[in-house]
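Down below is the structure, laid out as structure tokens.
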Amino acid sequence: QVAAIESALEDHVLALTIDEDAVDGLILVKALFAAPMEPSMLRAHIEAAGIQHPDISVETVPETDWVAASQASFPAFRAGRYYVHGSHLPAAGDDAVDLEVDAGAAFGTGEHESTRGCLLALDELAEHHRVDRALDMGCGTGILAMATAKTWQTTVVASDIDPSAVTTARANTEKNAVGHLVQVIESDGYTHPIVGASTPYDLITANILAGPLVAMASDLADCLAPGGFAVLAGLLSRQADRVVAAH
């Protein structure tokens, strides 16, 4: 019956979701139409597919700016010296390091604990150490690369395997006025010539996942300057020992 309903409605809807109630096993089908649909017409389509006496309700979905709604769900916040906000909100207006990052397809708005943790690690490092050359491996939106560039006014190579992330990060570096400091490239790990040409790095940030971190540990070691720092994130607590051991 679910397949029959899908077939009956697919030419009329913008989106269709199907859920089964865990308690009573009833199937709930939600269909989004571009224009109002009369219940009688909707019932006729479903009955024509062999489903008799379907229980139907219709409601109007208000016009919504989904981009604005998404951005509004990400309020501004501070992580040490960093103030992270979307373009719908103003800068902090104080001596905070301002990072303007909108929610989107690329990872790293600062809301996630791993990104926030990396920012706090950079904040702590800045208290006692100088960084002259940095690499952000798996840069996503470029938030860590931008934070590094703004904190130390230094050059950063930002690399990601995802083309959409590269596009997003480049746009963000320009919006945050660090395009002249951050070079964003598309690369599968450390393989890009630009990554190798800029070694050794005083600082390497990698907010990825445990598996890739472990796999690239030896490449990181080859690129990190003696006495340099690696900030690693994107792993679960139970994966920490494995990641630390590899590095």
Original post:
Is there side-chain contact between Arg170 and Val182, with heavy atoms separated by less than 4.5 Å?
Top reply: no
**OP:** Report the distance from atom NE2 of His180 to atom OG1 of Thr173, rounding to the nearest 0.5 Å.
**Re:** 10.5 Å
Subject >> Pairwise side-chain contact, Thr167 with Ser164, heavy-atom cut-off 4.5 Å (strictly under) >> reply: no
**OP:** Kindly write out the residues that satisfy ring-ring contact (aromatic ring centres under 6.0 Å, His included) with His129, not counting sequence neighbours, or none if the list is empty.
**Re:** Phe229
**OP:** Please write out which residues are connected to Ile194 in a hydrophobic cluster, directly or through intermediates, given that two of Ile, Leu, Val, Met, Phe, Trp, Tyr count as joined at side-chain heavy-atom separations below 4.5 angstrom.
**Re:** Leu135, Met137, Val157, Ile185, Tyr190, Val195, Tyr201, Ile204, Ile208, Leu213, Val214, Met216, Leu220, Leu224, Leu232, Leu235, Val243
Original post:
Would one find more than 12 heavy atoms of other residues, nucleotides or ligands at under 6.0 Å from atom CZ of Arg130?
Top reply: yes
Subject >> Sub-4.5 Å side-chain heavy-atom contact between Ile5 and Ile51 >> reply: yes
Original post:
Charged N to carboxylate O under 4.0 angstrom, Arg43 versus Asp55?
Top reply: no
**OP:** Would you check if the side chain of Asp123 reaches a backbone N or O of Gly80 as a donor-acceptor pair within less than 3.5 Å?
**Re:** no
Original post:
Do Asp202 and Arg133 meet the salt-bridge criterion of a basic N to acidic O distance under 4.0 Å?
Top reply: no
Original post:
Taking the side chain as C-beta and beyond, is there a heavy-atom pair between Phe77 and His85 under 4.5 Å?
Top reply: no
Subject >> Greater than 12 external heavy atoms within 6.0 Å of Gln52's CD >> reply: yes
Original post:
Got a second to check how far Thr205's OG1 is from Leu125's CG, nearest 0.5 Å?
Top reply: 10.5 Å
**OP:** Keeping the roles fixed (side chain from Asp160, backbone from Glu186), state whether a donor-acceptor pair exists under 3.5 Å.
**Re:** no
What pairs of donor and acceptor atoms, side-chain ones from residues 6-31 against any protein atom, are under 3.5 angstrom apart with sequence neighbours left out?
residue: Asp21; atom: OD1; partner: Val23; partner atom: N; Å: 2.7
residue: Asp21; atom: OD1; partner: Asp24; partner atom: N; Å: 3.2
residue: Asp24; atom: OD1; partner: Leu26; partner atom: N; Å: 2.9

Original post:
Measuring from Met146:CE to Asp98:CG, what's the distance to the nearest 0.5 Å?
Top reply: 9.5 Å
**OP:** Would you indicate whether the side-chain heavy atoms of Thr115 and Ile143 approach each other to under 4.5 Å?
**Re:** yes
Original post:
Within a reach of under 6.0 Å around CD of Glu47, are more than 12 heavy atoms found that belong to other residues, nucleotides or ligands?
Top reply: yes
Subject >> Straight-line distance of Leu203 CG to Leu122 CG, nearest 0.5 Å >> reply: 6.0 Å
Original post:
Is His53 atom NE2 crowded by more than 12 heavy atoms from other residues, nucleotides or ligands, each under 6.0 Å away?
Top reply: no
**OP:** Begin from the C-alpha positions of Thr141 and Asn172 and carry the test side-chain hydrogen bond (donor to acceptor under 3.5 Å, both in side chains) through to its verdict.
**Re:** CA-CA 7 Å; Thr141 60; Asn172 282 336; 4.6 Å; no
Subject >> Donor-acceptor side-chain pairing of Ser114 and Asn207 below 3.5 angstrom >> reply: yes
Original post:
Where the side chain of Ser187 meets the backbone of His192, is there a donor-acceptor pair that is under 3.5 Å apart?
Top reply: yes
Original post:
Between OG of Ser159 and CG of Asp188, what distance do you get to the nearest 0.5 Å?
Top reply: 8.5 Å
**OP:** State, yes or no, whether a side-chain contact exists between Gln183 and Thr155 at a heavy-atom distance under 4.5 Å.
**Re:** no
Original post:
Looking at side-chain heavy atoms only, is the closest gap between Val58 and Met37 below 4.5 Å?
Top reply: no
Original post:
Do Asp132 and Thr154 have side-chain N/O donor and acceptor atoms under 3.5 Å apart?
Top reply: no
**OP:** Before accepting this row, confirm whether a basic side-chain N of the pair Arg81/Glu127 lies closer than 4.0 Å to the acidic partner's carboxylate O.
**Re:** yes
